[in-house]
Structure formats: structure tokens, C-alpha cells
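Basis for what follows: all heavy atoms, side chains included, without hydrogens, waters or symmetry-related copies.
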Amino acid sequence: MGLYLNPGYDGFEDIRRDIYVDKTGLISFMNSLIGKPKPLVCFSRPRRFGKTFAADMLCAYYDKTCDSRFLFDDLEVAGSDDYETHINQYNVISFDMTGFIADSQDHGTNVLKEMQSALLEEIREAFPGCVDEKETSLGKALYAVVSRGNSKFVFVIDEWDALFREFKDDEQLQKNYILFLRGLFKNKDRTKKIIAAAYMTGILPVKKYGTESALSDFKEYTMAAPELLEEYVGFTEQEVQKLCAEYGIRFEDLSAWYDGYAFQDLGHVYNPNSVMQVLHNKIIRNYWSQTGTFESLKRYIDENFDGLKDAIVLMLGGQRVKVDIGTFQNDITSFGNKDDVLTLLIHLGYLAYDQSKEEVYIPNREVEEVFRSATKGGKWKAVEQAIERAEDLLEATIRRDSDAVANALELVHAECTSVLKYNDENSLACAIYIAYYTARNHYLIIRELPAGKGFADYAFIPRRGSDKPAMIVELKYDKNADTAINQIHDNRYDGALKDSFGNLLLVGISYDKKSKGRTSKTHSCVIEQA
């Protein structure tokens, strides 16, 4: 057992001792590629989404120097036809790029040379007489080993993109790294003979130069397009429901904080780290922290790069934003427009992506708190003040002070939306959502709730244990607030909620978008007890 060559099953054994969700279907997927022309996979996901767990699992399964059946015999993969064919049948080379960078003697300048030297040293020790002492090419060394009758290699590379993140401005080092990987995986004749499969994982997809991938032989699965690997991105909704039942956590409470990522075929997916923290700590709170990369992006957001800040404000207001992910170069420096930054935020996990509609949105309350923290600064003063006043606005609504509500919403609407988009119908909905920001502590807020003969603009459903009244909020433009209240009655939006909650408020809000001059736009409000 080595540090990089055939690391054994210790890492996966530790994982199995803790709360465990069976993701061994990923092994079956990798097995299906062995013997195919391109058994090379890059599966990128955000931090805390189980990347290292998957890497340890693959190492334990394929490593021929150990017998790891006792860790897999009771799991899903054991029922597959090729389980016995591949378990413990290959030499495994596994490394975490962050480890090499951290151990580098000169802060990374020669990290590639040091990495190859470390790998070659272990290979020479494990296969004496196979590799010439003067050999410096890892690919040639592996070919020499396999040509002597030894088993093929499975590569498992964790945090493959760490070099792009840690040395984001060193283009030459990045290109040398790509050349190193190409040397291993691009030589088709040699690769076919020495590599059974390769699995790379990291936060970023493979670097692009222009429109072409730098490692085109790898099949990529990402947060924007996970395709066949959707269920391995994180915990599925069914898996989370099962865990909640087993550990005595109310699924409704957990999903209210962490639900939001979703894929078109699978449905909802949860951040595994956040779910595990709740199971261990029995506390639902924000377990997501800002990263150095996110901090570096705040400059682009604060300066409203290509309308980026406006997009973030809209999403804080519960809206979705159209995005073109095609121009992103898969690094953290080459930003040509706001879509590139938004795409990076998808891969970092700060935004969720609806592939069918090509829209991004803030996935859940946990991540929303990170953006909320980012707004604390001079250039976000309007948003920050609106959120600070949110509890007062909610109390004014509950005591049916319609004038106070109208004045507060007028202020938020004016401050939190740009002049150009002030008359966008979504801008008022955005202002409503921001103005009632802290109401989420008391309510589940649903936009476009199916009710009666149509869809109520907003429904405020009290959370378990809340003493707040349920509310229906209807928005109108160029009409009066009475019209909004009448629509609630005429379309019977209040029916379902009135039956479920004895205390229900109907809130009608309107503003005149045709009046001239930003300061002359007036909002009106009517509040009734149902």
C-alpha cells in the first residue's frame, strides 16, 4: 500500500463507519466503460458535495493489493453482473492535487515535476526492475510496467482543477499541467494499453481554450449538465427522506433550508455535507461558508459587471435569470460578461441551473444567507436596509396598517431596482420578496400558488409552530389595490388556505407604472381579514 499507488481501502472503510448513503452505482457506471475506446470521465461538483468520498470508494473497489469485498458485498454494486469481474483487479494511481500543491517546496512553481517524481518513486519501489532510473515520463513508466505483464491502471484524480484555482494567473503552469494530462491520456495507443479507466473530479469542468476542451477525450459531467450521473451529484430527495425518518429529523424542516438544486430527469438533489451536519448535530442552520473564489467574485458583483449586481438582486428577490453557459472558459479569471460569472457560480454551487429553461436561481435558504452576507457593504446599502426593515414591514402587514405597507414597498421598489427595469413587472415581485425577507423565518413563501381558478401571486404559509396568520398577496399594475383584493375573491384564491388556517389575511398591492418621474410612482395597499 502506497500514498499514491494502490492506497487500499482505509478511506472508504472510514466512510462506511459513519452515516452512509449507497452511491456504488457510480462504480457500475465506471465498470461499463472499461474496455471501451474512451474510459475517461471528469465529474465536477461543488465543494462539500462528496467528491473525495467517491474517489475513496473507487480506490477501495479497484485496488488489487487489498480485498475490499467486505465493504461492498451489501451494497448496490454487488448486484451488478460485472461486480466480481473488476473488484480488486487493477493497479490504482490516486492523488489529490491540493495535497501536491500544499507539499510543494517552492509554492507550486515545480509542483508538476515534484508530482511526477513522487509517483515515479512509488512505481519503481512497487515494480522493481520495470522502470529505468533515468525515466522522467510517467506515461512511459506505466507502459513499461504493464508491458512486463502487470495489471492495467485505474486513475483516480481528486481536486483535479486545484492548480487552476490556486495559480489562477499562472497561464504557463496551467498549460504545462494540461500537457502533463494529455501525455497520460491523449496518446491513444499507449493509453489503451496501460489505462483501464480514469476518473477525475473537481469543482471546475475541464479548461477550455476558445470553444474546445483542453482534454477532449474525457467525457464530462457537470452541475450544468450531469446527464447520466445526476443521482451521484448529491443526496436525492428519496435518500434524504429516508435519512430523516431514520434519525428523527422532520423532512419538511430540512428541505425548507437545503432543497433547491434540481435536475430535469432526477428531480431534487441536496448538498450531502449540509444534510450530514443536520443528522449529526440535530440543528438546522447554515453550514455553507464563503470560499476564497466567491470572495474574489464580489468585486464583479459590487461593480455591477455587465449587469451582474442587478441579476443578483433579482435572484435575492426570488426571481430567475437567463444565462448562456456556452462562453465560460472553465477557469476563474476569463470573464467576458456576466454570464461567465453566473456560470462559475453554478459550478461553485452558489447558483442552481435549470437546463431546460437556461435559467439560474439561488437554490435555497442556506446559500441565500451567503449572498445576504455579501450584501453587507456600502454598494448594497439599499438591499441591506430593505432587509433590516423587513420585520417591521411584516408586523405592519399583520396589524393591517396598509399605509405603512404601501410606503415601505414604494421605498424598497425604488431603491432595489434599477431605473431601466423599474417598470419590469418582475421588479415589483422582486421588491416584495426582498421587503419580506425575514418573513421566511415564519413562513413558507410560494410564488404563483395554484389556487381557486388561477394562481395567487404569493402565498405565505405559516411554518410549524408559528403564530403568524396565513397571507395571500396579489399584485396589480396601473390599477388600484381594491382590484387586487377583488381578484382574490373572484378567483377564490383564499379557499384552500381559509379552510386550513383560521387566521388568513388578504393583501392587495398596486403601483402606477405609467406615471412620469421615478419619485412620482405611487404604491397602494389594501389588507382584509378573510
Side-chain angles (χ1 to χ4, degrees), residues 252-253 256 316-319 365 368 385-416 425-513 521-530:
E252 293 80 6
D253 295 339
L316 278 171
Q319 308 295 306
R365 286 188 71 193
E368 195 174 66
Q385 288 180 340
I387 292 174
E388 288 175 350
R389 294 191 297 259
E391 198 69 25
D392 292 337
L393 174 62
L394 176 60
E395 292 303 319
T397 308
I398 291 173
R399 68 174 182 265
R400 296 170 58 184
D401 187 342
S402 56
D403 288 340
V405 172
N407 291 335
L409 291 177
E410 186 168 328
L411 183 63
V412 174
H413 195 182
E415 290 179 341
C416 292
E425 292 188 355
N426 280 332
S427 70
L428 179 58
C430 173
I432 294 287
Y433 201 77
I434 291 175
Y436 284 101
Y437 188 89
T438 59
R440 276 159 281 198
N441 296 327
H442 312 286
Y443 293 96
L444 171 64
I445 303 176
I446 303 174
R447 190 181 182 201
E448 299 294 333
L449 175 72
K453 297 180 182 179
F455 296 85
D457 284 337
Y458 280 106
F460 288 62
I461 312 297
R463 296 191 182 279
R464 183 172 61 97
S466 172
D467 61 353
K468 306 294 184 185
M471 299 191 299
I472 291 177
V473 177
E474 188 68 19
L475 312 179
K476 283 296 174 185
Y477 311 89
D478 298 336
K479 297 179 182 178
N480 57 47
D482 288 321
T483 305
I485 291 290
N486 290 336
Q487 182 167 321
I488 295 175
H489 291 307
D490 293 343
N491 290 344
R492 301 174 185 172
Y493 293 159
D494 57 334
L497 291 185
K498 193 173 183 179
D499 292 339
S500 301
F501 302 96
N503 192 4
L504 173 64
L505 295 180
L506 311 181
V507 183
I509 297 170
S510 178
Y511 90 104
D512 180 4
K513 66 180 181 182
K521 292 181 171 64
T522 57
H523 293 60
S524 60
C525 176
V526 174
I527 305 173
E528 290 184 0
Q529 181 79 44

Would you mind reporting whether Y458 and L475 have side-chain heavy atoms less than 4.5 Å apart?
yes
For Q529 and N503, which heavy atoms make the closest approach, and how far apart are they?
NE2-OD1, 2.8 Å
Is there a side-chain contact between Y437 and I387 (heavy atoms, below 4.5 Å)?
yes
T483 vs E474, test: side chain to side chain contact (heavy atoms under 4.5 Å, CB included). Steps then yes/no.
CA-CA 9 Å; T483 305; E474 188 68 19; over 6 Å; no
Ring-plane angle category for H413 and H523, please: parallel below 30°, perpendicular beyond 60°, tilted otherwise.
perpendicular
Spacing of Y436 atom OH and M471 atom CE [to the nearest 0.5 Å]:
5.5 Å
With rounding to the nearest 0.5 Å, note down the distance linking CZ in R440 to CG in L444.
11.0 Å
Of all heavy-atom pairs linking A386 and V412, the shortest is CB-CG2, 3.9 Å
Give the minimum heavy-atom separation between C430 and Q319, together with the two atoms involved.
N-NE2, 3.8 Å
Nearest heavy-atom pair of G508 and A481: which atoms, and what distance?
O-CB, 3.4 Å
Just wondering, do V473 and F460 contact through their side chains at under 4.5 Å, heavy atoms?
yes
When you check the gap from the basic side-chain N to the acidic O, do D457 and R447 get nearer than 4.0 Å?
no
In this structure, NZ of K468 is separated from CG of L394 (nearest 0.5 Å) by 5.5 Å
Exactly one candidate in E391, R365, R463 meets side chain to side chain donor-acceptor pair (under 3.5 Å) with N441; the answer is R365
Does N407 reach the side chain of V405, with side-chain heavy atoms less than 4.5 Å apart?
no
Under a 4.5 Å cut-off applied to non-hydrogen side-chain atoms, are Y511 and C525 in contact?
no
Under the side chain to side chain contact (heavy atoms under 4.5 Å, CB included) rule, what do K476 and I509 come out as? Steps first, then yes or no, please.
CA-CA 6 Å; K476 283 296 174 185; I509 297 170; over 6 Å; no
Can you tell me how far the CG atom of L506 sits from the CZ atom of R400, to the nearest 0.5 Å?
9.5 Å
Atom pair CD (E448) and CD1 (I446), whose distance is rounded to the nearest 0.5 Å
11.5 Å
Look up atom CG in L393 and atom CD1 in I434, then write down how far apart they are to the nearest 0.5 Å.
12.5 Å
With a 4.5 Å heavy-atom cut-off, do I485 and E528 have their side chains touching?
yes
Looking at every non-hydrogen atom in both residues, tell me the closest pair between L505 and I398 and how far apart they are.
CD1-CA, 3.8 Å
Do side-chain atoms of S402 reach the backbone of I527 as a donor and acceptor pair under 3.5 angstrom?
no
